[in-house]
Participant: 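What follows is a structure written as structure tokens; I'll ask about it next.
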Amino acid sequence: MIDIELIRKKPEYVKERLATRDKSLTDLVDQVLDLDGRRRGIIAKVESLRAERNRKSKEIGKLRREGKDTSALEEEVRHIKEEIDRLEEDLRKVREDLRKLMLRIPNLPHPSVPVGEDETQNVEVRRWGEPKEFSFDPRPHWEIGEMLGILDFERGATLAGSRFTVVKGLGARLERALINFMLDLHTEKGYREVIPPHLVRPEIMEGTGQLPKFEEDLYRCDRDDLYLIPTAEVPLTNLFRDEILREEDLPIYLTAYTPCYRREAGSHGKDVRGIIRQHQFNKVELVKIVHPERSYEELESLVRDAEEVLRLLGLPYRVVELCTGDLGFSASKTYDIEVWFPSQGRYREVSSCSNCEDFQARRMNTRFKDSSGRNRFVHTLNGSGLAVGRTLAAILENYQREDGSVEVPEVLRDYVKADIISPG
RNA sequence: GGAGAGGUGGCCGAGCGGUCGAAGGCGGCCGCUUGCUAAGCGGCAGAGGGUUAACAGCCCUCCGAGGGUUCGAAUCCCUCCCUCUCCGCCA
């Protein structure tokens, strides 16, 4: 949620910033202004009536104790109450409308974010590693996975439908190795490991911005009114909702491995082969809860922490800064990390690192008490560190050999307890 | 799932339908006292909102959440959420 006071005080600025995402968003600002004006008008009336009621009710108490007649006053208060009830009904409606509207307005892009309409206008920031030259035609990971008997798409589909895959044998162990490797690396850097619930309440989804706008992308357990998390960002970031932290508690660094569940509504036809786009995939997530004045340096180090995984794995990658039009709903600024896929001859996203500033903190009501004693919203950041399934796919492709076997990256050998994964 | 108990300020814990945003204790902050520490004394401290130049003043709301009764509710009634105890079931 963006600060309504900012909308009130600098509506043109807010419109200008939102327009860099999508020009149609500026209308929403005018709607907010209108509703907010009405809301405050009603509040002023209700409150003065309430003050009057309070005074008169106290008066009644006093007179009664003195044994005097109060029926006339009581009648007055009854009328005031009716008036209050009417106004409160209006207020409830206006507030509800305003809230619904506010929850659907995305975060303002940071001024440093390049303006652009879609992913084609994202800006490459840096590259690391050289894509390997193969002496043969590199196979796509799904072919390698099937040849090695570690990826089973048919049985996955039998069990749960398309975009579900069964990982087997050394493939499963490689995946588990990646998870452990990533968690070990991040916890050494000071991130605290967490195992959160994978099912959360609607208001938790609202806190990080998945709801109300992206309901169709989520799996919901109707009977219990719970949602499956699409990323560990959701439970981790919400961990301190409705809390006032101490300044010295910041920054808080968290990491978690969880499966992620996404309906992938609207992505029909994209990445239908392989494990790039699955309804369920594993991810190790990084979350930071930080002092607002330091969130941008924290974003840079967050990206570095995620990059470190790929460096140690020896996978070529690049870092891309998302343009305004490609930015996610809650983010002010985002870097994507993309790893090289030889079979596709291009880089594919394995991590997305965002600074959400106080956008999520407002929704979750997570604050801290600063040195002058004022309560302020924290800034929240999140980043994949990394998407495990995609990293596995990248390893299969980048480390493949002509005979179909796959070399295990050096840093994973102790975890996997093998140097090579061979067919059979 | 069944039976019972309970949810009050950073923590513990009182609270008669009106004078309660709430006693008291602990913890916190600021003074004073004081070789140091400890103790003692005095004072200050909740959250959100409206008005406003204002983190001043005034006003409104908040005692798990939401409804209701009442002239008036932390106190009475209903629903929900959560916690604890016992029983049942269970990895």
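Here is the naming used below: chain letters follow the sequence lines, and residue numbers restart at 1 for every chain.
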Participant: Need one value for A:R367: base, sugar-phosphate or nothing, where a base atom within 4.0 Å counts as base even if backbone is also close, heavy atoms only.
Facilitator: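 Contact class for A:R367: sugar-phosphate only.
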Participant: Take atom CG of A:D242 and atom P of B:rG48, then tell me their distance rounded to the nearest Å.
Facilitator: 12 Å
Participant: Starting the side chain at C-beta, find the nucleotide from B:rC55, B:rC60, B:rG18 nearest to A:R374.
Facilitator: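 The answer is B:rC55.
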Participant: Counting side-chain heavy atoms from C-beta on, which of B:rG72, B:rG18, B:rG50 comes nearest to A:I60?
Facilitator: B:rG18
Participant: Mapping A:N365 and A:L73 onto RNA chain B by nearest heavy atom, which one lands closer to the 5' end?
Facilitator: A:N365
Participant: Report the distance from atom CG of A:D225 to atom P of B:rC80, rounded to the nearest whole Å.
Facilitator: 15 Å
Participant: Nearest whole Å is fine: how far is B:rG48 P from A:R95 CZ?
Facilitator: 15 Å
Participant: Salt bridge check, A:R413 against A:E407: does any charged N sit closer than 4.0 Å to a carboxylate O?
Facilitator: yes
Participant: For atom C1', what is the distance between B:rG10 and B:rA47, given to the nearest Å?
Facilitator: 13 Å
Participant: Please state the P separation for the pair B:rA14 and B:rG4 - nearest whole angstrom.
Facilitator: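 So the two P atoms sit 23 Å from each other.
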Participant: Is any NZ, NE, NH1 or NH2 atom of the basic residue among A:E89 and A:R86 found under 4.0 Å from an Asp or Glu carboxylate oxygen of the other?
Facilitator: no
Participant: Mind checking whether A:T380 and A:V287 have side chains closer than 4.5 Å, heavy atoms only?
Facilitator: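 A:T380 vs A:V287: side chains apart.
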Participant: According to the Watson-Crick and G-U wobble definitions, with both distances under 3.5 Å, which nucleotide is paired to B:rG9?
Facilitator: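 Checking every strand shown, B:rG9 finds no partner, since no pair has both distances under 3.5 Å.
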Participant: Applying a 4.0 Å non-hydrogen cut-off, can you work out what A:K369 is touching in the nucleic acid: base, sugar-phosphate, or nothing?
Facilitator: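 It contacts sugar-phosphate atoms only.
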Participant: How about A:Y253 and A:L302: do any of their side-chain heavy atoms sit closer than 4.5 Å?
Facilitator: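 Side chain of A:Y253 against side chain of A:L302, heavy atoms only: no contact under 4.5 Å found.
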Participant: As a quick check of understanding, evaluate side-chain hydrogen bond (donor to acceptor under 3.5 Å, both in side chains) for A:N282 and A:E175, giving each step before the final call.
Facilitator: CA-CA 9 Å; A:N282 290 319; A:E175 177 126 4; 2.8 Å; yes
Participant: With a 4.0 Å limit, can you tell me whether A:R8 has a side-chain N or O closer than that to the phosphate oxygens OP1/OP2 of B:rG50?
Facilitator: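 A:R8 to B:rG50 OP1/OP2: side-chain N or O found under 4.0 Å.
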Participant: Within the structure shown, what part of the strands sits under 4.0 Å from A:R362 by heavy-atom distance: base, sugar-phosphate, or nothing?
Facilitator: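 Nothing, no nucleic acid heavy atom in range.
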Participant: In whole Å, measure the gap between the P atoms of B:rC41 and B:rC81 for me.
Facilitator: 49 Å
Participant: With both distances under 3.5 angstrom, what nucleotide forms a Watson-Crick or G-U wobble pair with B:rA45?
Facilitator: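 Its partner is none (no Watson-Crick or G-U wobble pair with both distances under 3.5 Å).
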Participant: Hey, are A:K15 and A:E12 close enough for a salt bridge, meaning a charged N less than 4.0 Å from a carboxylate O?
Facilitator: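 Counted as a salt bridge, because a side-chain N and a carboxylate O are separated by less than 4.0 Å.
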Participant: Select base, sugar-phosphate, or nothing to describe what A:R92 touches, counting heavy atoms under 4.0 Å on all strands.
Facilitator: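 Nothing, no nucleic acid heavy atom in range.
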Participant: For the C1' atoms, the ones on B:rG57 and on B:rU69, what distance do you get once it is rounded to whole angstrom?
Facilitator: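 Here B:rG57 and B:rU69 have their C1' atoms 36 Å from each other.
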Participant: Report yes if a donor N or O on one partner sits less than 3.5 Å from an acceptor N or O on the other, where the partners are the side chain of A:E74 and the base of B:rG72; otherwise report no.
Facilitator: no
Participant: How long is the line joining CZ of A:R55 and P of B:rC58, in whole Å?
Facilitator: 15 Å
Participant: Can A:R348 and A:E397 be counted as an ion pair, charged N to O under 4.0 angstrom?
Facilitator: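 Salt bridge absent between A:R348 and A:E397.
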Participant: Output yes when at least one side-chain N/O atom of A:N54 is less than 4.0 Å from OP1 or OP2 of B:rG72, else no.
Facilitator: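 So the side-chain polar atoms of A:N54 never come under 4.0 Å of the phosphate oxygens OP1 or OP2 of B:rG72.
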Participant: Can you tell me the pairing partner of B:rA39 across any strand shown, Watson-Crick or G-U wobble, with both distances under 3.5 angstrom?
Facilitator: none
Participant: Would you indicate what A:I43 reaches in the nucleic acid, counting non-hydrogen atoms under 4.0 angstrom: base, sugar-phosphate, or nothing?
Facilitator: sugar-phosphate
Participant: Scan every strand shown for a Watson-Crick or G-U wobble partner of B:rU51, both distances under 3.5 Å, and answer none if you come up empty.
Facilitator: B:rG57
Participant: Closest approach to the side chain of A:N375, judged atom by atom: which nucleotide of B:rG72, B:rC60, B:rG48 is it?
Facilitator: B:rG48
Participant: Can you identify which nucleotide, out of B:rU69, B:rA47, B:rG18, has its nearest atom closest to the A:I244 side chain?
Facilitator: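 Within the option list, the nearest is B:rA47.
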Participant: Both A:E75 and A:R39 contact RNA chain B. Taking the nearest nucleotide for each, which residue is further toward the 5' end?
Facilitator: A:R39
Participant: Using the P atom on both, measure B:rC30 against B:rA38 and round to a whole Å.
Facilitator: 14 Å
Participant: Pick the P atom in B:rC62 and in B:rC26, then give their distance to the nearest Å.
Facilitator: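 Straight-line distance between the two P atoms is 31 Å.
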Participant: Could you check whether any side-chain heavy atom of A:V339 comes within less than 4.5 Å of a side-chain heavy atom of A:R390, counting everything from C-beta outward?
Facilitator: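 With C-beta onward as the side chain, the pair stays apart.
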Participant: Looking for any heavy atom pair under 4.0 Å, which part of the strands does A:K56 touch: base, sugar-phosphate only, or nothing?
Facilitator: nothing
Participant: May I ask which nucleotide in the shown strands pairs with B:rC80, Watson-Crick or G-U wobble, both distances under 3.5 Å?
Facilitator: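 When the pairing criteria are applied, B:rG64 turns out to be the nucleotide that pairs with B:rC80.
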Participant: Can you tell me how far P of B:rC59 sits from CZ of A:R40, to the nearest Å?
Facilitator: 21 Å
Participant: Of the candidate nucleotides B:rC60, B:rA47, B:rC82, which contains the atom at the shortest distance from the side chain of A:R201?
Facilitator: B:rC82
Participant: Checking all strands, does A:R53 fall into the base, sugar-phosphate, or nothing category for heavy-atom contacts under 4.0 angstrom?
Facilitator: sugar-phosphate
Participant: Could you tell me how far B:rU61 sits from B:rG72 if I compare only their C1' atoms? Round to whole Å.
Facilitator: 16 Å
Participant: Searching all strands shown, indicate the nucleotide that pairs with B:rA3 (Watson-Crick or G-U wobble; both distances under 3.5 Å).
Facilitator: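 B:rU85 is the nucleotide pairing with B:rA3.
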Participant: Just how far, in rounded Å, is C1' of B:rC62 from CD of A:E88?
Facilitator: 14 Å
Participant: Using the C1' atom in both, what is the distance from B:rG21 to B:rA73, to the nearest Å?
Facilitator: 14 Å
Participant: B:rU70 P sits how many Å from A:D85 CG, rounded?
Facilitator: 11 Å
Participant: Tell me: CZ of A:R65 to P of B:rG17, nearest whole Å?
Facilitator: 14 Å
Participant: Return the pairing partner of B:rU19 with a 3.5 Å limit on both distances, Watson-Crick or G-U wobble; otherwise return none.
Facilitator: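 Its partner: none found.
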